[in-house]
Peer 1: 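Shown below is the structure under consideration.
Just so we're clear, the structure is a prediction, and the values are computed from it rather than from any experiment.
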Amino acid sequence: MTRSLVTGATGYIGGRLVPQLLETGHDVRVLVRDEAKARAREWSDQVEIAQGDATEADDVRRALEDVDVAYYLLHSIGTGSGFADAEQQIAQTFADAAQDAGVRRIVYLSGMVPKDEELSEHLRSRTQVAQTLLDSGVPTAVLQAGVVIGSGSASFEMLRYLTERLPVMVTPRWVHTRIQPIAVRDVLRYLTKSADLPDDVNRRFDIGGPDVLTYLEMMQRYAHVAELPRRRVLPVPVLSPWWSSHWVGLVTPVPAALARPLVESLRNTVVASEHDIADYIPDPPEGLVGFDRSVELALTRVRDLDVPTRWSSAATAGAPSEPLPSDPDWSGGTLYTDERTREVHASPEHLWQVIDGIGGDNGWYSWSLAWEVRGLVDRFLGGPGLRRGRRDSARMRVGDAVDFWRVEETDGHAFVRLRAEMKLPGLAWLEMRVGQADGGTTTFHHRAIFHPKGLLGHLYWWSIYPFHGIVFGGMQRNIARAAESLEDQT
C-alpha cells in the first residue's frame, strides 16, 4: 500500500485530494497546523493527522517519516510583500526533509508558465518552488495548471461573480489573454495518478483542458451556460493590477489580497506547450472535461449546496490567527468584552439549529444595514467582507469561513466561537453558547471579545460600543425569536 502525505489538506485542492487518494487505496497522512480543523473533515477518521508547521524542519521531517509519495500543495499567495521568499524557504525545508526521509516521489501542483513572457510575481515564485523540488534529489512531478474550474475555487468564484453581477462590464486588457482552463476533477485525476509515475520521471508537465479561450470568452460562455443574457463589454486600455484587484474585490467574494496575484497571473498567456502527461496518464476514454461542461458541473454543485471545499477553506491572507487570550486570567493587555444572556422559550436543539445556520444567506438576525455597511468597508480595506458566505447553510465546522468570520471552535451542539477576519485594529471573537438554567429553561449566552492593538484599537471599540445594544442585542433577541418560532412549528 502506498503511504502518501498531503500538505494543505484543509485547503481547496488538498481537501478534495484526500478522499480521492483514500478511494484508490492510499494510506494517507496529512500535515496540518490545526488538528481541530482537520478533525472537522468527513475523512478525518480515515487518515493519520500530523500537526505541525511547514516552516519548522522538525515538524516536516516527522510528517515525512515512512512516506512514499508527498503531495506539496503549500503556497503563500496573497500574504503580501515577501511571500516569494517565504515560499522558497518552505520549499527548501520540504525538499531537504523529503530526501532525508527517503521519499519515493514528490508531486507539486504549480501554475502554467508561458515562454518568453515576463512572469507575474506569483508565477515566478511558483517556478522557483518547482525548481527547488526538482533539484531535491527526490523524483518530482510538477503539474502546471492554468485556471482551475470547479465549484468553490477562487478562479471559478471570480469568473462567476464577475459575469453574473455585471451585465455591462468595464474590462482591463487582461480579459483578452489566452487561457487553457482545466476542470478540477481532471486536476485531481492527474494528482492521484502521478503517485504511480516511473521513478526516473523528474520534470514539469503542462496540464490543461481541451479548450483555449480568452478570459472574455470564458465570461461569455459562462453566461451562456448559466442562461444569462449576453454580457456587454466596455474595454479600458489601462487598469493596473492594484485597481483590478480592488475592482474584483468589490464585485466578487474574493478579497483584494487574493485577487491581486490571480489578476497579475492573468496578464500571462497560460496555454499548454505540451501534453506529455498523456504518455504516462492517458486521457480518459470520454476525453478531458471541456469548459462548458466544467461550468455545468460546478454550478450544479453550487445549486445543490454540495461544495466539499471552497477557496475560503484556507485562512484569509493576513487574517489574525492568534488563539483567544485566556480569560479571565488574561494578562497581556486590555481585553474588552460585551456579554449578554437571554432566556429562550424553545428547546436547546431548536436554539442551536438557528445559531448553527447563522450568516451567509441566513443573515445575522439584526440591523442588516449595519452588517452590509461593515462588509462594504471591509472589502474596501482589502478584507473578505460578507460575500464569502458559508460552505454549508445549516452546519458549521472548525475552519469554515462564515462571511468575515472563521469558525475557531465548535462542539456541534451548544457552543461556537467565531474569529474575525475582517480588517480591524485588533483581534476579535464572537461566542454563542446554548445552556440550561436550574429550572430547565433554555439560555442563550452571547459574548463579543476584542483585544485592541494600539490607540486606534481602543478608539475603535469605544466608537462602536454604543451600537452594540442595537447590533448584538437585536441579534440575540431575533435568534431567540427564530428558535421559538421553530418550537411552535413542531
Peer 1: Could you check whether any side-chain heavy atom of Leu430 comes within less than 4.5 Å of a side-chain heavy atom of Met475, counting everything from C-beta outward?
Peer 2: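 Side-chain contact under 4.5 Å: yes.
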
Peer 1: Would you give the length of the straight line joining atom CG of Asp400 to atom NZ of Lys37, rounded to the nearest 0.5 angstrom?
Peer 2: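 One finds 9.0 Å between CG of Asp400 and NZ of Lys37.
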
Peer 1: Are more than 12 heavy atoms, taken from residues, nucleotides or ligands other than Asp45, located less than 6.0 Å from that residue's CG atom?
Peer 2: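 Enclosed.
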
Peer 1: Is any side-chain heavy atom of Ile182 closer than 4.5 Å to a side-chain heavy atom of Val147?
Peer 2: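 No - every pair of side-chain heavy atoms lies 4.5 Å or more apart.
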
Peer 1: Are the side chain of Thr93 and the backbone N or O of Thr55 linked by a donor-acceptor pair below 3.5 Å?
Peer 2: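 Here the side-chain-to-backbone pair does not exist.
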
Peer 1: Is any side-chain heavy atom of Ile13 less than 4.5 Å from a side-chain heavy atom of Leu191?
Peer 2: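 Yes, side chains in contact.
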
Peer 1: Give a yes-or-no answer on whether the side chains of Thr441 and Glu343 include a donor-acceptor pair shorter than 3.5 Å.
Peer 2: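 Judged by distance alone, the side chains do not pair up.
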
Peer 1: So, for Ile106 and Ala98, which heavy atoms are closest and what is the spacing to 0.1 Å?
Peer 2: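 Residues Ile106 and Ala98, closest heavy atoms: CD1-CB, 3.9 Å.
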
Peer 1: What is the minimum heavy-atom distance between Ala130 and Val142, and which atoms define it?
Peer 2: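 Closest pair (atom of Ala130, atom of Val142, distance): CB-CG1, 3.8 Å.
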
Peer 1: Do you know which of Trp429, Tyr460, Trp462 makes ring pair (Phe, Tyr, Trp, His ring centres under 6.0 Å) with Phe450?
Peer 2: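 So the option named by the test is Tyr460.
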
Peer 1: Does any part of the side chain of Arg397, heavy atoms only, come nearer than 4.5 Å to the side chain of Thr410, both counted from C-beta?
Peer 2: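 No, their side chains stay 4.5 Å or more apart.
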
Peer 1: Does the side chain of Tyr215 come within less than 4.5 Å of Ile179's, by heavy atoms?
Peer 2: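 When only atoms from C-beta onward are counted, Tyr215 and Ile179 do touch, with a gap below 4.5 Å.
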
Peer 1: When rounded to the nearest 0.5 angstrom, what distance separates CZ in Arg481 from CG in Leu486?
Peer 2: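 Rounded to the nearest 0.5 Å, the CZ-CG separation comes out at 15.0 Å.
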
Peer 1: If you measure from CG on Leu133 to OH on Tyr72, what distance do you get to the nearest 0.5 Å?
Peer 2: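 With rounding to 0.5 Å, CG (Leu133) is 6.0 Å from OH (Tyr72).
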
Peer 1: side-chain contact (heavy atoms from CB on, under 4.5 Å), that's the test. Do Trp367 and Asn478 meet it? Break it down for me.
Peer 2: CA-CA 10 Å; Trp367 193 11; Asn478 292 329; over 6 Å; no

Peer 1: To the nearest 0.5 Å, what is the distance between CH2 on Trp461 and CG on Leu424?
Peer 2: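 Reported to 0.5 Å precision, the distance equals 11.0 Å.
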
Peer 1: Should we count CD of Gln89 as having more than 12 external heavy atoms under 6.0 Å?
Peer 2: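 It does not: Gln89 CD has 12 such atoms or fewer within range.
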
Peer 1: Go through Arg433 and Arg447 one step at a time and tell me if the side-chain contact (heavy atoms from CB on, under 4.5 Å) criterion holds.
Peer 2: CA-CA 9 Å; Arg433 187 187 300 273; Arg447 183 167 75 144; over 6 Å; no

Peer 1: Any luck finding a side-chain donor-acceptor pair between Gln92 and Asp96 under 3.5 Å?
Peer 2: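 Their side chains do contain a donor-acceptor pair, which is all the 3.5 Å distance test asks for.
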
Peer 1: Give a yes-or-no answer on whether the side chains of Trp364 and Asp403 include a donor-acceptor pair shorter than 3.5 Å.
Peer 2: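 Short answer, yes.
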
Peer 1: Backbone N or O of Val148 within a donor-acceptor pair of the Ser153 side chain at under 3.5 Å?
Peer 2: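 Here the side-chain-to-backbone pair exists.
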
Peer 1: Does the pair Val344 and Glu484 meet the rule for a side-chain contact (heavy atoms from CB on, under 4.5 Å), with working shown?
Peer 2: CA-CA 7 Å; Val344 182; Glu484 290 164 354; 4.0 Å; yes

Peer 1: So do Ile355 and Tyr365 actually touch side chain to side chain, heavy atoms under 4.5 Å?
Peer 2: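 No, every pair of side-chain atoms sits at 4.5 Å or beyond.
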
Peer 1: Under 4.0 Å between a Lys/Arg side-chain N and an Asp/Glu carboxylate O for Arg340 and Asp338?
Peer 2: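 A salt bridge is present here (some side-chain N lies under 4.0 Å from a carboxylate O).
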
Peer 1: Please report the shortest heavy-atom distance between Gln436 and Pro348, naming the atom on each side.
Peer 2: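 Looking at all heavy atoms of both residues, the shortest contact is NE2-CG, 3.7 Å.
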
Peer 1: Is it the case that the ring center of Tyr336 lies less than 6.0 angstrom away from the ring center of Tyr465?
Peer 2: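 Between Tyr465 and Tyr336, the centre distance exceeds or equals 6.0 Å.
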
Peer 1: Are Val47 and Arg41 packed together at the side-chain level, in the sense that at least one heavy-atom pair is separated by less than 4.5 angstrom?
Peer 2: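 In short, these two side chains do not touch, never coming nearer than 4.5 Å.
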
Peer 1: Quick check: closest heavy atoms across Ala370 and Val471, and the distance to 0.1 Å?
Peer 2: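 Shortest heavy-atom separation between Ala370 and Val471 comes out as CB-CG2, 4.4 Å.
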
Peer 1: Can you tell me how far apart CG (Leu427) and CG (Leu335) are? Round to the nearest 0.5 Å.
Peer 2: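 The distance works out to 9.5 Å.
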
Peer 1: I'd like to know if the side chain of Thr7 and the backbone of Leu73 have a donor-acceptor N/O pair within less than 3.5 Å.
Peer 2: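 Confirmed, Thr7 side chain pairs with Leu73 backbone.
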
Peer 1: After noting the C-alpha distance and the side-chain angles of Phe94 and Leu5, does the key distance pass the side-chain contact (heavy atoms from CB on, under 4.5 Å) rule?
Peer 2: CA-CA 12 Å; Phe94 193 89; Leu5 174 73; 4.3 Å; yes

Peer 1: Is the shortest heavy-atom distance from the side chain of Asp34 to the side chain of Thr10 under 4.5 Å?
Peer 2: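 No. Closest side-chain heavy atoms not under 4.5 Å.
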
Peer 1: Enter the distance from Gln353:CD to Ser347:OG here, rounded to the nearest 0.5 Å.
Peer 2: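 One finds 8.5 Å between CD of Gln353 and OG of Ser347.
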
Peer 1: So, the side chain of Arg390 versus the backbone of Ile358: is there a donor-acceptor pair under 3.5 Å, distance only?
Peer 2: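 Looks like yes, one N/O pair under 3.5 Å.
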
Peer 1: Checking the side chain of Asp356 only, and the main-chain atoms of Met396 only, is there a donor and an acceptor separated by less than 3.5 Å?
Peer 2: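 Indeed, once roles are kept as given, a pair shorter than 3.5 Å links the two residues.
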
Peer 1: Whether the side chain of Thr127 engages the backbone of Leu123 through a donor-acceptor N/O pair (distance < 3.5 Å, no angle test) should be reported.
Peer 2: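 Checked: pair present.
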
Peer 1: Within the 3.5 Å criterion, strictly below it, is a donor on Gln489 or Ser485 matched to an acceptor on the partner's side chain?
Peer 2: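 Looking only at side-chain atoms, Ser485 and Gln489 do form a donor-acceptor pair, the distance falling under 3.5 Å.
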
Peer 1: Checking salt bridge (charged side-chain N to carboxylate O under 4.0 Å, His left out) for the pair Glu42/Arg395: CA distance, chi angles, key distance, verdict?
Peer 2: CA-CA 13 Å; Glu42 290 80 359; Arg395 182 175 70 89; 3.7 Å; yes

Peer 1: Would you check if the side chain of Gln51 reaches a backbone N or O of Glu35 as a donor-acceptor pair within less than 3.5 Å?
Peer 2: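 Present.
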
Peer 1: Which residue, Gln476, His445, His446, forms the side-chain hydrogen bond (donor to acceptor under 3.5 Å, both in side chains) with Thr341?
Peer 2: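 Exactly one pass, corresponding to His445.
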
Peer 1: For a quick test of reading the model, state the closest non-hydrogen atom pair linking Leu74 to Gly8 and the distance between them.
Peer 2: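 Taking every non-hydrogen atom into account, CD2-N, 3.8 Å.
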
Peer 1: Test Glu408 against Arg406 for salt bridge (charged side-chain N to carboxylate O under 4.0 Å, His left out), laying out the working first.
Peer 2: CA-CA 6 Å; Glu408 185 171 82; Arg406 188 169 298 275; over 6 Å; no

Peer 1: Between the side chain of Trp352 and the main-chain N/O of Gly412, is any donor-acceptor distance below 3.5 Å?
Peer 2: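 Yes; at least one donor-acceptor contact below 3.5 Å.
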
Peer 1: Say whether, by atom type as modelled, one donor and one acceptor occur between the side chain of Ser366 and the main chain of Gly474 under 3.5 angstrom.
Peer 2: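 Absent.
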
Peer 1: Please check: side-chain N/O of Arg29 versus main-chain N/O of Ala63, any donor-acceptor pairing under 3.5 Å?
Peer 2: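 Yes; at least one donor-acceptor contact below 3.5 Å.
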
